[in-house]
Amino acid sequence: MRVANSTIGSQVVLDLQRALARIAHQHKILASGKRVLDPSDDPTAASRMQTSRSRKVAVEQYQRNLGAAMSHLQTVDSALQSVQETLAQARVDAVEGGNDSIGAGGRTALADHVDQLLETLVEQANARGSGGEYLFGGQETTATPYTVTRNAGGEITAVTPNPRGIDGEVTVEIGEGLTVTTSEPGTDVFGATTDPNYAFDVLIQLRDNLRLNDGQAVRSAIADIDTAADRVGASSATIGARLGALSLVEDGLAARLVNHADTLSRLEDADLAQAMLDYQRLEFVYQAALAAGARIIQPTLLDFLR
């Protein structure tokens, strides 16, 4: 069968183009440092890489969620410490006011201070996080947890929680099937309105009894303040336990992220030394193909007639 020169030339050009394509692909491997540039390069590895990338993205999202949860819980813990300090100052006033030697004038001055502490306690109960959310409002993060009633003189006479509730849980997902509660119910911190040691009522009664110069009633407030402070301490311990648990989860997520990164590296990273050898081999093959092509395509009759 006769083979025309044009057929030979076309085949030579096609082979050279294929050789150039292989060189270009190998150049991309060297430039990117990745051995799997397209799924067709290694279908099995490409599938495993996709799975590993998806898991890595999920872990990174869990890390962001966990970081936000830890930051919020730390803010709550700081707010609880402030509440404890306020109650501690109220206890000091109660102890001092329970001493009958202080007299009516001294108790009136202490009543003014307790009134200031009551105002502070309400502000602390309505504390907000960095995102503007109320810390002790449960799921009602955009509604004021506690509102006050005042007398004609402007003093607080009652503190009422949000009627829609202040105890709903706010949770954040920090792992597959793993969540953490980032809210602390207002009732757990300050007590229920029906409690005899409802923190706000304790301070209201202490202030009023100081104004009445009732030493016995002032002294009886100390035990209620202690109970209120213990309740806040229990909430603080709960938050501390959550933060401790989150630290362990944080370490676990970091380890998982490293594992996914290592898996991806093993699957897709190229051996640059081997890749360079392959590049040189392909370049040599291309040069050899060029030389062979020049010899295969013989001069035409027209070339001999010149």
Side-chain angles (χ1 to χ4, degrees), residues 76 78-129 132-168 184-232 235:
V76 173
S78 178
L80 290 173
Q81 291 178 21
S82 296
V83 171
Q84 285 182 307
E85 291 171 3
T86 299
L87 292 175
Q89 291 181 49
R91 189 184 194 283
V92 170
D93 288 347
V95 170
E96 186 175 353
N99 188 337
D100 290 332
S101 65
I102 193 174
R107 283 176 176 155
T108 298
L110 288 174
D112 292 338
H113 185 240
V114 171
D115 189 60
Q116 293 174 7
L117 293 177
L118 175 60
E119 296 281 355
T120 298
L121 190 65
V122 172
E123 289 180 7
Q124 292 166 342
N126 290 330
R128 296 174 182 256
E133 72 284 2
Y134 286 102
L135 300 181
F136 302 116
Q139 293 178 345
E140 299 289 332
T141 58
T142 60
T144 305
Y146 292 94
T147 56
V148 301
T149 301
R150 297 180 183 274
N151 59 22
E155 291 185 339
I156 295 174
T157 57
V159 179
T160 307
N162 179 3
R164 289 196 299 270
I166 55 174
D167 298 334
E184 184 64 8
T187 301
D188 286 0
V189 178
F190 302 100
T193 55
T194 55
D195 291 342
N197 44 47
Y198 180 52
F200 304 105
D201 284 351
V202 169
L203 293 196
I204 290 172
Q205 292 165 9
L206 173 61
R207 178 201 63 198
D208 293 346
N209 287 326
L210 283 167
R211 292 202 191 286
L212 292 172
N213 195 28
D214 187 342
Q216 181 59 40
V218 169
R219 286 189 290 272
S220 67
I222 296 174
D224 289 336
I225 294 174
D226 287 342
T227 300
D230 289 343
R231 184 170 51 226
V232 178
S235 288

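Please read these numbers as outputs of a predicted model, since none were measured by experiment.
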Inset, instruction - Tell me yes or no: between the side chains of Gln124 and Ser82, is some donor less than 3.5 Å from an acceptor? - result: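 Distance-only check fails for Gln124 and Ser82.
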
Inset, instruction - Taking side-chain hydrogen bond (donor to acceptor under 3.5 Å, both in side chains) as the test, write out the residues that go with Arg107, two or more places apart. - result: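 With sequence neighbours excluded, Arg107 shows a side-chain hydrogen bond (donor to acceptor under 3.5 Å, both in side chains) to Asp100, Asn213, given in chain and number order.
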
Please report the shortest heavy-atom distance between [X] and [Y], naming the atom on each side.
X      : Y      : result
Tyr134 : Thr144 : OH-OG1, 3.2 Å
Asp188 : Ser235 : O-OG, 3.4 Å
Arg164 : Ala143 : NH2-CB, 3.3 Å

Could you measure the distance from the [atom1] atom of [X] to the [atom2] atom of [Y]? Nearest 0.5 Å is fine.
X      : Y      : atom1 : atom2 : value
Ile102 : Leu210 : CD1   : CG    : 8.0 Å
Arg231 : Tyr198 : CZ    : OH    : 9.5 Å
Leu87  : Leu117 : CG    : CG    : 9.0 Å
Gln139 : Ile166 : CD    : CD1   : 12.5 Å

Inset, instruction - Specify whether Phe190 and Phe136 have parallel, tilted or perpendicular ring planes, treating 30° as the upper limit for parallel and 60° as the lower limit for perpendicular. - result: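 Phe190 vs Phe136 ring planes: perpendicular.
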
Inset, instruction - Could you pull out all residues at least two apart from Glu133 that satisfy side-chain contact (heavy atoms from CB on, under 4.5 Å)? - result: His72, Thr141

Legend entry - Qualifying residues under side-chain contact (heavy atoms from CB on, under 4.5 Å), relative to Asp224, sequence neighbours excluded: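 Residues passing side-chain contact (heavy atoms from CB on, under 4.5 Å) with Asp224: Asn197, Val202.
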
Got [X] and [Y] here, is their nearest side-chain heavy-atom distance under 4.5 Å?
X      : Y      : result
Leu121 : Val83  : yes
Pro161 : Thr187 : no
Thr160 : Thr193 : no
Asp195 : Thr227 : no
Val218 : Leu206 : yes

Inset, instruction - May I have all residue pairs that pass salt bridge (Lys or Arg N to Asp or Glu O under 4.0 Å) and include part of residues 112-127, sequence neighbours excluded? - result: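 Residue pairs passing salt bridge (Lys or Arg N to Asp or Glu O under 4.0 Å), neighbours aside: Asp112-Arg211, Asp115-Arg207, Glu119-Arg150.
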
Inset, instruction - Mind checking salt bridge (Lys or Arg N to Asp or Glu O under 4.0 Å) for Asp226 and listing every partner two or more places apart, or none if nothing turns up? - result: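 Asp226 satisfies salt bridge (Lys or Arg N to Asp or Glu O under 4.0 Å) with Arg91 once adjacent residues are dropped.
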
Inset, instruction - List for me each residue that meets salt bridge (Lys or Arg N to Asp or Glu O under 4.0 Å) alongside Arg128, sequence neighbours excluded, and say none if there are none. - result: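 Expected list: none.
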
Legend entry - Side-chain (Thr157) to main-chain (Thr149) donor-acceptor, under 3.5 angstrom: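 Present.
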
